[in-house]
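For reference, the structure is listed below as structure tokens.
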Amino acid sequence: MVDKLGGLNPLNNIQNSRRTNAPSKYSAVSDTISVSKEAQRMAEAYYLKEIADETPDVRSDLVAQIKEKIKDPNYLSPANISSAADRILAEYGL
């Protein structure tokens, strides 16, 4: 009886007859993206803001060091004051 039905799985014959070896009509296309200058500036500003938010406002370790130095009466000499003033002015570009 099995031989009269055309094999064990007659659906194989139908599935195999519908398969084709024709090349696909769809070709691979690579995607591209372009980002405007404004978007690049906004991304950089966002990145810098994130860094600023993660950075503490007060560097307590440096504050503690300076407090210890100021306790020494010899530290506040005219040379040290002048040096500190020069560094502050240089930081502001003056």
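Every salt bridge (Lys or Arg N to Asp or Glu O under 4.0 Å) that Glu68 has, sequence neighbours left out, goes to Lys71.
Shown here is Gln40, whose CD atom has more than 12 heavy atoms of other residues, nucleotides or ligands within 6.0 Å. Crowding of Glu50 atom CD: a count of heavy atoms from other residues, nucleotides or ligands under 6.0 Å exceeding 12.
Shortest non-hydrogen contact noted between Val63 and Val58 is CG2-CG1, 4.0 Å.
Atom NZ of Lys49 is separated from atom CD of Glu54 by 10.5 Å, given to the nearest 0.5 angstrom. How far NZ of Lys69 is from CD1 of Ile66: 7.0 Å, rounded to the nearest 0.5 Å. Considering CG of Leu94 and CG of Asp86, their distance stands at 11.5 Å, rounded to 0.5 Å.
Counting only residues at least two apart or in different chains, side chain to side chain donor-acceptor pair (under 3.5 Å) contacts with residues 73-83 are absent.
Exactly one of Asp57, Asp53, Ile51 qualifies for a side chain to side chain contact (heavy atoms under 4.5 Å, CB included) with Thr55. That residue is Ile51.
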